[in-house]
Each structure stands twice: as structure tokens, then as C-alpha cells.
Amino acid sequence: MMQFDKAAHGLTDCIIYTRVSSKAQVEKGQGLGSQETYCRQFASWKGYNVWQVFFDSGVSGALFNRDGVQGLLKFLREHKGKQRFVVVVDDISRVARDIRVHIALRDAIDECHAVMESPSITFGSDSHGRYAEFMQALGAQYFREQNTEQTIKRQTARLMDGYWPFRPPFGYVQKKIEGHGKVMVPDEPYASMIREGLEGFASGRFETQAEVARFFESLPEYPKNRFGVVTNEAANRILTRLLYSGYIELPRWGFSLREGKHEGLITLETFNRIQDRLNGNAHVPARADLNADFPLRGFVRCSCGKPLTGSWSTSKTGKKHPYYMCYNKSCDANRKSIPRASLEGDFADLLKGVQPSPKMYRFGKAILKKAWDMHAERAAQIKAMAKRGITDLENQITALLDRILKVSNETVLARFEDRIAALEKEKLAMAEKLRQDGQNYRPFDEMFELAMRFFANPCKIWENGRLEHKRTVLKLAFAEPPVYDRFGGFRTPKISIIFSMLEGFDGPNYRMADGVGFEPTKGVNPCRFSRPVP
């Protein structure tokens with residue numbers, strides 16, 4: 001067992017400081033615990049009373065402003081002039097891994113008249129002791145920087161091979177795969193949730209980031225913040241993360257857009273469409289109070305033309321009742337409550353009238369299927385066009401590279417590089433489209449089952465769907481918001497062009513007119529219209 005001499009300074013009280021630099025050490029290792037145990041053994045051998053233990057977990061030793069360090073200094077300053085302490089650390093590298101931080105921390109501890117000790121190093125107070133201490137601190141900085149450089153080299157090599165070497169975004173986990181090392185793979189069920197949110201925003205199903213956030217929030221399994229909500233900022237991080245498209249990019253390290261080795265949740269084309277919508281989105285932000293209690297709020301109009309709002313009213317007995325109402329002061333129906341059951345019941349009846357006839361539904365489905373078959377037949381033609389487009393882009397890139405060798409002006413060089421990067425990005429998108437074109441053609445009924453179910457019976461989707469499905473029904477079924485009168489109910493609505501084309505096919509059975517004409521035929525007495533031939 002190791003033995004230590006009694007301290008010459010005569011101090012008997014100490015505090016302990018421990019630190020680990022990575023979260024992996026915190027979650028998997030016992031770094032803090034083993035350091036504390038060793039320091040307590042050292043304090044016991046020296047005859048010290050341990051007052052308190054300060055620690056930093058997952059914090060770099062190159063930082064001075066660490067919670068544990070600041071807590072330690074605060075403790076010493078509070079006892080300054082009253083009592084002196086020994087600060088026990090496991091090793092000099094636990095104090096700091098930067099010579100400047102080490103000196104600053106040593107000076108702060110000295111100002112509090114405290115003494116530093118360690119079972120692995122002697123903190124001297126004379127010139128020789130200080131020299132040895134600072135040389136070891138400088139060595140700790142050297143090894144930290146060397147580890148950083150080696151880590152960056154390994155990460156750079158992984159990036160060049162198409163692997164993401166950093167912490168995966170939400171919806172992915174790192175998994176060891178033979179021959180590849182750690183590769184990001186989709187983490188279900190979260191990956192499917194994120195895919196639906198991304199594709200919904202790209203297609204216009206969700207008009208704003210707020211609607212995407214509310215969609216995530218409506219999913220019980222999706223993680224929320226401590227207030228139980230998904231913020232718009234969290235939705236924006238999902239919408240702007242390139243990794244979800246299966247590609248990687250790290251401009252600050254000089255890595256341009258390239259295909260990753262992980263499976264994308266969406267295509268690069270879908271990601272670009274999302275960014276275009278985000279950058280050019282001029283829609284008014286969706287209402288923060290939109291919820292499933294009042295799905296018609298803000299959509300149905302009062303007879304005065306203003307949108308109806310919805311709220312809960314509390315009766316004298318304390319029971320809550322849902323109502324829609326108009327808040328237009330100049331309206332005769334101002335603040336006149338409309339029971340939610342009455343309005344939404346009338347709306348369900350209105351949707352039943354929008355439902356197309358069976359004959360027209362079959363006719364529309366046949367037209368859509370024919371268009372789907374024609375689109376599938378064009379796959380080969382589109383593929384050939386994509387190949388020609390890639391060849392053309394490669395020729396443009398080659399021409400620019402030939403010209404860049406003759407240019408010395410930095411500004412012109414930068415523009416050439418930007419143009420080449422843009423062409424490379426366009427080439428990647430076209431190559432992805434070429435790979436996917438013709439691969440995802442599934443049977444018509446499988447691809448359009450939900451859409452045809454909607455057209456066949458929008459009322460059923462309204463009654464059984466989630467809030468976003470109900471809002472989709474409102475957008476697709478009506479060209480203008482329907483108007484509701486408290487006494488007369490819904491006025492004749494202006495339905496969308498889709499349902500206008502699908503309605504009214506159950507009338508009389510019509511057929512082509514006979515070849516003899518529209519008028520009924522009848523006998524005609526023979527008569528002469530010209531003179532006889534002589």
C-alpha cells in the first residue's frame with residue numbers, strides 16, 4: 001500500500017476536485033468515481049478531513065469557466081481568512097489541459113491561501129517545483145492538442161469516405177456494421193415520424209413550420225421539451241438538416257456536398273424543395289392556438305364575412321361548453337354563441353353533399369390510372385434525359401476546371417469555385433433522380449389508396465382523421481371558406497375544381513343521338529321538286 005508523508009503545512013481539512021472530458025466517460029465509465037475514491041484514499045493517508053467534492057463531467061480541460069471549478073473557487077473565497085484548505089486532485093491533467101488555464105487556476109487558488117496536492121505529482125512552491133509542475137501542465141496541453149489533431153484526422157477520413165463521424169441527429173443512431181465501422185441507421189419509430197413531417201412540409205400538407213411542430217407534438221412517442229411541447233425552433237432544425245436526405249456537407253472543414261453512406265429519410269430533391277419553401281415562404285404563421293377542439297375555427301365564415309372563432313364557455317354550474325362565435329362588432333351575430341355540435345354537424349352534412357357520385361368516381365379513377373400508366377411509360381425517356389443532363393454537367397465542370405488553371409485572380413477563382421460547387425450539387429441531385437426514377441413504381445391501388453379514399457368519401461376522413469387531415473379536407477374540398485348563418489345554416493358553398501368535376505354524374509342515362517337526327521322521323525308524301533327530263 002502506498003504511504004505518504006504527513007504534510008508540513010499543518011492543514012487538516014481538504015476539498016476534492018475531479019473531472020472527465022467526454023460524455024461517454026460519464027455515461028459508460030467510472031472516471032469520476034475512481035478519481036474520487038483515489039483522492040479520498042490519499043486524504044485518508046494524509047489525515048485530512050474531506051469537506052466537499054467538486055466535479056466537472058463532460059467538460060474540456062482547456063476551459064477555465066467550468067461549473068465545478070467555479071464552485072470550488074467560490075467555496076475557497078467564502079472561507080478565505082477563516083480557514084485554509086488543501087485542494088486534492090487525482091492528476092495534473094484533471095486540473096487543466098491548457099498551460100494558460102492551469103496558471104490562472106493556480107493563481108486563483110493561491111490567492112485563497114489554499115494548497116494543491118495530488119497523489120501523482122508534487123506541487124512545488126519554489127522555482128524548481130514550479131518548473132516541474134508547469135512542464136507537466138504543458139505536456140498535458142500537448143497531449144490534448146495531439147489527441148484533437150488525431151481525432152480530426154480520423155473524422156476527416158470518415159467524411160471523405162461518406163460517413164458522418166459526429167453525433168447523429170435525432171431519428172438516427174450509430175450502429176457498427178462489419179466492413180464499415182459505425183454507420184448512422186434510422187432509429188424507428190422516430191425516423192418514420194420525421195420522414196412524414198418532412199414530406200408533409202415539402203408537399204404543402206403543412207404550410208408552416210408551426211404546423212410541422214404541432215404534427216410532431218400530436219404524436220405520443222415524439223419527445224417534447226419540459227413544457228410538453230415541440231417548439232418551432234425544434235421543427236426548423238429538422239427541416240434544415242441535410243443529413244436526412246442521405247447526403248453530407250461540412251463547409252467549415254472544406255467538405256462540399258457529397259453522397260453519404262447512411263440511408264436517407266427523404267430524397268435530396270425533397271430536401272431542396274423544403275429549403276425553397278423555407279426561404280420563400282410568405283405565408284402568415286399558423287395560429288398557435290389551433291387544436292382539435294375547434295377544427296373549423298378560422299376557416300368557416302360568419303354571414304358578415306368574418307371568420308368564426310371558437311372557445312370554451314363555463315356555465316354557472318362550472319361545466320365547460322364548446323361554442324363557435326363571431327366577434328365582429330358590426331355583425332348582428334356578434335358574440336352570439338353557436339354550439340359546436342350544431343355547426344360541426346351541419347358541416348358534416350355539407351361534406352356529404354360534396355361526395356361525388358359512384359359513376360363519376362369510377363370515371364375519375366380510370367382517368368387517373370391512365371395518367372399513371374402513361375407516366376410509368378415515360379420513365380425510360382426521363383432516364384435517358386437525366387443521363388444526357390449529367391453528361392452535360394460533367395462537360396461544364398471539366399471546362400471550368402480547364403479554365404481555372406489559367407486564372408490567378410483570387411476573386412475570379414472564388415467565383416469559379418462557387419460555380420463548380422453549384423454544378424456538382426445539381427449533378428448529385430440529377431444522379432439521385434436517375435437512380436430512383438423507375439424504382440418506386442408500385443401498383444396504382446397501393447400508391448393512390450389514401451387519395452382515392454379521400455375523394456370517394458371526404459366526410460369519413462373528416463370524422464375519423466387527425467387534425468392535420470381535417471385541415472387538408474378543408475383545403476382540398478372548398479375553393480373558398482363556406483359561410484354559415486346562425487339560423488339558416490351553411491349557404492351554398494363554392495367547392496374546389498376537383499369536386500366540381502366529380503359531381504353530378506348520377507343523372508338520367510344519356511346516350512349518343514341517333515344518326516337520323518334529333519327530331520323523330522315521320523313519313524313524307526312523295527312530291528316532285530324538278531321538271532321531268534324531256
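Predicted, not measured: the structure shown is a model, and the values here were computed from it.
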Next item on the list: Answer yes or no: does atom CZ of F166 have more than 12 heavy-atom neighbours from other residues, nucleotides or ligands under 6.0 Å?
Entry: yes
Next item on the list: Tell me, yes or no, whether the heavy-atom count around K261 atom NZ, taken from other residues, nucleotides or ligands under 6.0 Å, exceeds 12.
Entry: yes
Evaluate the side-chain proximity of [Y] to [X]: yes if any heavy-atom separation is below 4.5 Å, no if none is.
| X | Y | result |
| --- | --- | --- |
| P165 | R154 | no |
| Y38 | I16 | no |
| P186 | Y172 | yes |
| E199 | I266 | yes |
| M184 | Q174 | yes |
| I248 | L159 | yes |
| I152 | W253 | yes |
| I109 | L73 | yes |

Note to self: Tell me every residue that passes side chain to side chain contact (heavy atoms under 4.5 Å, CB included) with E111, counting only those two or more places apart in sequence or in another chain.
What the structure shows: none
Under 3.5 Å donor-acceptor, [X] side chain and [Y] backbone:
| X | Y | result |
| --- | --- | --- |
| E211 | E207 | yes |
| S118 | V89 | yes |
| Q136 | S93 | no |
| S60 | L63 | no |
| R258 | S256 | yes |

Notebook entry, point to check: Can K46 and V86 be said to form a side chain to side chain contact (heavy atoms under 4.5 Å, CB included), step by step?
Noted result: CA-CA 11 Å; K46 299 281 277 187; V86 177; over 6 Å; no
Nearest atoms (heavy-atom pairs only) where [X] meets [Y]:
| X | Y | value |
| --- | --- | --- |
| G61 | R19 | N-NH1, 3.2 Å |
| C39 | D90 | SG-N, 3.5 Å |
| F201 | T208 | CE1-C, 3.8 Å |
| Y324 | R340 | CE1-CG, 3.6 Å |
| F255 | E249 | O-CG, 3.6 Å |
| F294 | G310 | CD2-CA, 3.9 Å |

Mind checking the [atom1]-[atom2] spacing from [X] to [Y]? Nearest 0.5 Å is all I need.
| X | Y | atom1 | atom2 | answer |
| --- | --- | --- | --- | --- |
| I274 | N279 | CD1 | CG | 11.5 Å |
| Y244 | R195 | OH | CZ | 11.5 Å |
| W51 | I15 | CH2 | CD1 | 10.5 Å |
| I238 | L265 | CD1 | CG | 9.0 Å |
| R297 | S311 | CZ | OG | 8.0 Å |
| K74 | D67 | NZ | CG | 11.5 Å |

Next item on the list: Using the side chain to side chain contact (heavy atoms under 4.5 Å, CB included) rule, take L278 and T240 through it: C-alpha gap first, then chi angles, then the decisive distance, then the call.
Entry: CA-CA 9 Å; L278 288 173; T240 55; 3.7 Å; yes
Item checked: side chain to side chain donor-acceptor pair (under 3.5 Å) partner of Y163, the single match among H180, R158, H262, K182 -> H180
List in chain and number order the residues that pass side chain to side chain donor-acceptor pair (under 3.5 Å) with [X], two or more places apart in sequence or in another chain; answer none if no residue qualifies.
| X | answer |
| --- | --- |
| Y222 | none |
| Y327 | none |
| D110 | R106, R130 |
| Y17 | D56, R66 |

Check: Please walk me through it: do F143 and R97 pass side chain to side chain contact (heavy atoms under 4.5 Å, CB included)?
Finding: CA-CA 8 Å; F143 287 116; R97 280 186 174 270; 4.1 Å; yes
Next item on the list: Answer yes if the side chains of S192 and E188 hold a donor-acceptor pair under 3.5 Å, and no otherwise.
Entry: yes
Item checked: Modelled atom types, side-chain donor and acceptor of N232 and Q209, under 3.5 Å -> no
Item checked: Qualifying salt bridge (charged side-chain N to carboxylate O under 4.0 Å, His left out) pairs, either residue in residues 216-244, two or more places apart -> none
Next item on the list: Assess whether ring-ring contact (aromatic ring centres under 6.0 Å, His included) is satisfied between F170 and Y190, documenting all intermediate values.
Entry: CA-CA 8 Å; F170 178 65; Y190 308 117; 5.2 Å; yes
Notebook entry, point to check: Going by an N to O cut-off under 4.0 Å, is there a salt bridge joining R40 and E36?
Noted result: yes
Check: Can you say whether the rings of Y323 and H321 are parallel (under 30°), tilted (30 to 60°) or perpendicular (over 60°)?
Finding: tilted
Note to self: One pair to check against side chain to side chain contact (heavy atoms under 4.5 Å, CB included): F75 and F85. What are the steps and the verdict?
What the structure shows: CA-CA 10 Å; F75 177 88; F85 290 90; 3.8 Å; yes
